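The block underneath contains the structure these notes are about, expressed in structure tokens.
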Amino acid sequence: MTEVLATVTNLRKWLGARRAAGARIGFVPTMGALHDGHTSLMRRAASECDVAVASVFVNPLQFGPSEDLASYPRDLDRDVRLAGEAGVQMVFAPSVEEMYRGQRVLTTVAVAEISAPMEGASRPTHFAGVSTVVAKLFNLFGPCRAYFGEKDWQQLCVVRRMTSDLSFPVDVVGCPTVREADGLAMSSRNVYLDATQRAAAPVLRRALVAGAEAVTAGERDAAAVRSVMVAVVAGEPVVELDYAEVVDAATLAPVDPLAGELRLLIAARVGQPRLIDNIGVTVPVPS
Ligand code: AMP
């Protein structure tokens, strides 16, 4: 039976008892509306750790004023059932009041540079909201392995760097993106897509694959790789491209000519929902 805890006091008691018994904790932070992408992280946490735990918290700090905080899909009973089936023993599901104690949050954890381009440019307050809540969750959960999806590649880079810069006693584990059969990355926001938009949305994945293939075929000019991705997306008129980039996989800095571990990242509006995806490619550095 998966336990659901809503208070920090009960969370600390629950984890303290497991740690006293020597358990290694695997932690999966989420905003709920769980799908197979989330449960893949939970299954991995359960397989690698003695105790797998998750959080379900729709964090207001990471939503911009015109974003979908109020309408973000919420179904805690379903989330707890799916988490339990994936091997999670406890779900921490606090209210906003419990997390932020009814106070305005005056303290912000912000990761410079890595947070600035791409998602950071389009959603200026987003990553400060993410890094602040993840720092808070790491403080609440304590030493653990924490599982994050590569689907949100820039977020994974931000969290890794924050964890290292601030010496959190947490091992951050990146996990592969889980996709629908047609290549669309699973996302809680896919439920907003109507039939036409849903049929068009896999173009993001196709654009990334075409960009990565161009690199593999020898293209070393970042602008040319971006053009390949832009041309593929242009084939789907309902998809409005936000950005298509190829950058250093860890620092997210521009690389030209292309060399080393690279990441291609893309974001687009498909009707109202804004979808993101990414793919890795390596250009061997000549020795
Ligand atoms: P979210 O609830 O959207 O904040 O996501 C919680 C965690 O699940 C984050 O680490 C995401 O990167 C991860 N995640 C979301 N979608 C996927 C997916 N399709 N495949 C793998 N991980 C995912």
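Computation of the quantities below employed the complete heavy-atom set of this structure, encompassing side-chain atoms and omitting hydrogens, waters and symmetry-equivalent molecules. All values reported here derive from a predicted model rather than from experimental measurement. In this chain, numbering begins with 1 at the start of the sequence shown. In listed order, ligands and their atoms are each counted from 1.
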Under 4.0 Å from ligand 1, counting heavy atoms only, is it the side chain of Leu41, its backbone, both or neither?
-> side chain

Proximal candidate to atom 18 (C) of ligand 1 [heavy atom criterion; set Gly37, Ala54, Ser188] = Gly37

What about Met31: any of its N or O atoms under 3.5 Å from an N or O on ligand 1?
-> yes

Would you say the side-chain atoms of Ser71 and Asp68 include a donor-acceptor pair closer than 3.5 Å?
-> no

Protein heavy-atom partner closest to atom 10 (O) of ligand 1 - residue, atom, separation in Å | Gly149 N, 2.9 Å

Ligand 1 and Val178, any nitrogen or oxygen pair closer than 3.5 angstrom?
-> yes

Which residue and non-hydrogen atom of the protein lie closest to atom 14 (N) of ligand 1, and at what distance in Å?
-> Asp152 OD2, 4.2 Å

Contact with ligand 1 for Glu150, non-hydrogen, under 4.0 angstrom | no

Donor-acceptor contact below 3.5 Å, side chain Asp242 vs main chain Met118 | no

What residue pairs, at least two apart or across chains, pass ring-ring contact (aromatic ring centres under 6.0 Å, His included) with a residue in residues 123-147?
-> Phe27-Phe141, Phe92-Phe141, Phe138-Phe168

Glu219 and Leu258: which non-hydrogen atoms are nearest, and at how many Å?
-> O-CD1, 4.0 Å

In the protein, which heavy atom is nearest to atom 16 (N) of ligand 1, and how far is it?
-> His35 CE1, 3.2 Å

For Pro29, the ligand 1 atoms with a heavy-atom partner under 4.0 Å come out as 6 (C), 7 (C)

Under 3.5 Å side-chain donor-acceptor pair for Glu119 and Tyr243 | yes

Heavy-atom distances under 4.0 Å are what count here, so tell me which part of Pro176 touches ligand 1: side chain, backbone, both or neither.
-> backbone

Quick one: do Val80 and Phe57 end up in the same hydrophobic cluster if we chain Ile, Leu, Val, Met, Phe, Trp and Tyr together by side-chain heavy atoms under 4.5 Å apart?
-> no

Can you measure from CZ (Arg160) to OG1 (Thr163) and round to the nearest 0.5 angstrom?
-> 9.0 Å

Electrostatic pair Glu85-Arg81, nearest N-O below 4.0 angstrom | yes

of all protein heavy atoms, closest to atom 8 (O) of ligand 1 is His38 CD2, 3.3 Å

For Met186 and ligand 1, does the shortest N/O to N/O distance drop below 3.5 Å?
-> yes

Treating Ile, Leu, Val, Met, Phe, Trp and Tyr as nodes and any side-chain heavy-atom pair under 4.5 angstrom as an edge, say whether Ile279 and Leu204 lie in one connected cluster.
-> yes

Subset of ligand 1 atoms that lie under 4.0 Å from at least one heavy atom of Phe148 | 10 (O)

